[in-house]
Amino acid sequence: MTIRTRFAPSPTGMLHIGGARTALFSWLYARHLGGEFVLRIEDTDLERSTDEATQVILDGLKWLGLDWDGEPVFQGLRKAEHVVAAEQLIEEGHAYRCYCSREELDAMREEQRANGEKPKYDGRCRHRSDRPEGAPFVVRFRSPDEGETVVRDMVLGDVVFNNAELDDLIILRSDGSPTYNLAVVADDAAMGITHVVRGSDHLNNTPRQIQLYQALGLTPPQFAHIPLIHGPDGAKMSKRHGAVAITEYREAGFLPDAVVNYLARLGWSHGDDEVFSRQQLVELFDLAQVGKTASRFDQQKLDWLNAHYLRESAPAELAVQVAGLMDVDTANGPDLEAVIPTLQERSKNLLELAAGARFFYQRPQAFDEKAVNKNFKPETDALLDAFVQQAAALDDWSAETIHALIAAVCEQFEAGMGKLAQPIRILISGGSVSPPIDATLALLGRAETLERMQQGREKLSAR
RNA sequence: GCUCCCAUCGUCUAGUGGUCCAGGACGCCGCCCUCUCACGGCGGAAACAGGGGUUCGACUCCCCUUGGGAGUACCA
């Protein structure tokens, strides 16, 4: 049997980090077993659902590379089938009309809470036979009073619920629309979902859903409830912790492979391994290796992974992305693709890469005061003079010859390389940090290098 | 409150009764490399929540406590 998993977000906001990981695990499990991964947009809450949110979610999944099979199913379009299921349940005695008003229910719950009981619908309409003309009603599922329902979870193991704890849930609202539990069950069954992988915040719904499957004469799928992701402080993920929306990571210059790798390792592991390509994840992922404990989001580890993937990426590919992030014209200056390699091992994300490449295309407007004070000494001018003079006469302008020249000048003055390299770095970049000075000057070209040095020295001496 | 879930270094985790005075990774600290920043290399500090059992033997099994989390809607 080929397996089929699904990701079923409700389009009420953005795709957040937790949802993305749920989608990832669901996708990985399906791909690992050569099964199918489908999408269902749970838009039955018409009040809060928007088309924009749906688009954002689809874009997020695409960016992460989580491709789905077939077209997304919109739950709202399946209302008729949900109603049919509800009617079937009524006919077979598994559901009934409930005419209780919200006020009545609120009062009931309040009283139960006051008595220290768990608020539950008490089933007062179960045996009601009259059907008040024109009175609004909801349809409730008649949950068994006795016995227990066990969820055989692939991550958590068997979880036993006492049926007495479960009250008669509403499956059809007074406006005739289906509620979540009915809709998921009907849709997962109709869509042939074999494995439901979702956040463990849904665990408490599962026994109810199992009862619905049974009442409808359907076989429940396999369930796998994966632990939640918390914020760095252990509480629920929220804006307070920085980025929660997957799109924010894209904008912050993160690579999808890094995010996927990081997310995969949150809850899943494969021995001592940390770095996994997409292909390796598909090969190795299994729900059996998913842990039960909630994890905290660690930005630093994501940064590390992103830096790792940045270093491994092909300069040509990075150049395309970085070009779009530059606020200066990269046409005038060295080939961006040649600049990238000098920056890869010193950048954590695409934004830093772009920032680091900037000075190659724009002469320094100002000079870092602290760096100047620290590196320009009385003897500096002599070294710079010697360098400039000999640079002009250099046959070949390459990283190797530049390096040799700097070394020679420094040796001549019995100074360390830093005595010359730092002042040059400041003159051509404006600051004390850049890729290796030889490679930098080689990329910049002799003319631009000497021009910048001269302009810089004039500006500094004019202070 | 009630129901359910969870519990190894700061964080992510390995560990499925003895091979663990607990391993890896991020972060942190130190040293090395070095023209800056990084990268890289080497080394270090750092954890089995507590208490009872079971067992010849518990990080591993059971119970309790404590601590986190989720649910408790005509939301999903």
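These numbers come from the heavy atoms of this one structure, side chains and all, not from hydrogens, waters or symmetry mates. Here is how names work: the chains are called A, B, and so on, in the same order as the sequence lines, proteins then strands, and each is numbered from 1.
The aromatic rings of Phe276(A) and His270(A) sit perpendicular to each other, their planes meeting at more than 60°, with 30° as the lower class boundary. Between Trp268(A) and Phe285(A), the angle of the ring planes lies from 30° to 60°, which puts this pair in the tilted group.
Legend: salt bridge (charged side-chain N to carboxylate O under 4.0 Å, His left out) pairs involving residues 256-267 of chain A, not counting sequence neighbours, sorted by first then second residue: Asp257(A)-Arg278(A), Arg265(A)-Glu274(A). Among residues at least two apart or in separate chains, salt bridge (charged side-chain N to carboxylate O under 4.0 Å, His left out) pairs with a member in residues 343-361 of chain A are Asp327(A)-Arg358(A), Lys348(A)-Glu352(A).
Residue Asn205(A) is classed as a base contact, given a heavy-atom separation below 4.0 Å to a base.
Comparing atom distances between the Arg102(A) side chain and each of C74(B), G69(B), A76(B) picks out C74(B) as nearest.
With a cut-off of 3.5 Å on both pairing distances, A76(B) has no Watson-Crick or G-U wobble partner at all. Using the Watson-Crick or G-U wobble rule with both distances under 3.5 Å, G71(B) pairs with C2(B).
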Report task. For each nucleotide in nucleotides 2-13 of chain B, reading 5' to 3', give B when a protein heavy atom comes within less than 4.0 Å of its base, S when such contact involves only the sugar-phosphate, and - otherwise. Result -> BSSSSS---SBS
Report task. Let me have a per-nucleotide readout for nucleotides 32-46 of chain B, 5' to 3', with B, S or -, counting only protein heavy atoms under 4.0 Å. Result -> ---BBBBSS------
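Taking the ring axis of Phe25(A) as reference, the NZ or CZ atom of Arg21(A) stays within 45° of it and closer than 6.0 Å to the ring centre.
For Phe297(A) and Tyr262(A), the gap between ring centers is short of 6.0 Å.
In this structure, the CZ atom of Phe276(A) is 11 Å from the C1' atom of G24(B), given to the nearest Å. We find that CD1 of Ile57(A) is positioned 14 Å from P of A76(B), with the value rounded to whole Å.
Salt bridge absent: Arg140(A) and Asp167(A) never bring a charged side-chain N and a carboxylate O closer than 4.0 Å. Using a cutoff of 4.0 Å between basic side-chain nitrogens and carboxylate oxygens, Asp145(A) and Arg126(A) are scored as salt-bridged.
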Please list each protein N or O that sits under 3.5 Å from an N or O in nucleotides 60-64 of chain B, with the distance.
none

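Of the residues near RNA chain B, Asp273(A) and Val138(A), the one whose nearest nucleotide (by heavy atom distance) lies more toward the 5' end is Asp273(A).
Listed by residue number, there are no residues of residues 75-87 of chain A with a heavy-atom contact under 4.0 Å to RNA chain B.
With hydrogens and angles ignored, no donor-acceptor pair under 3.5 angstrom links the side chain of Asp201(A) to the base of A76(B).
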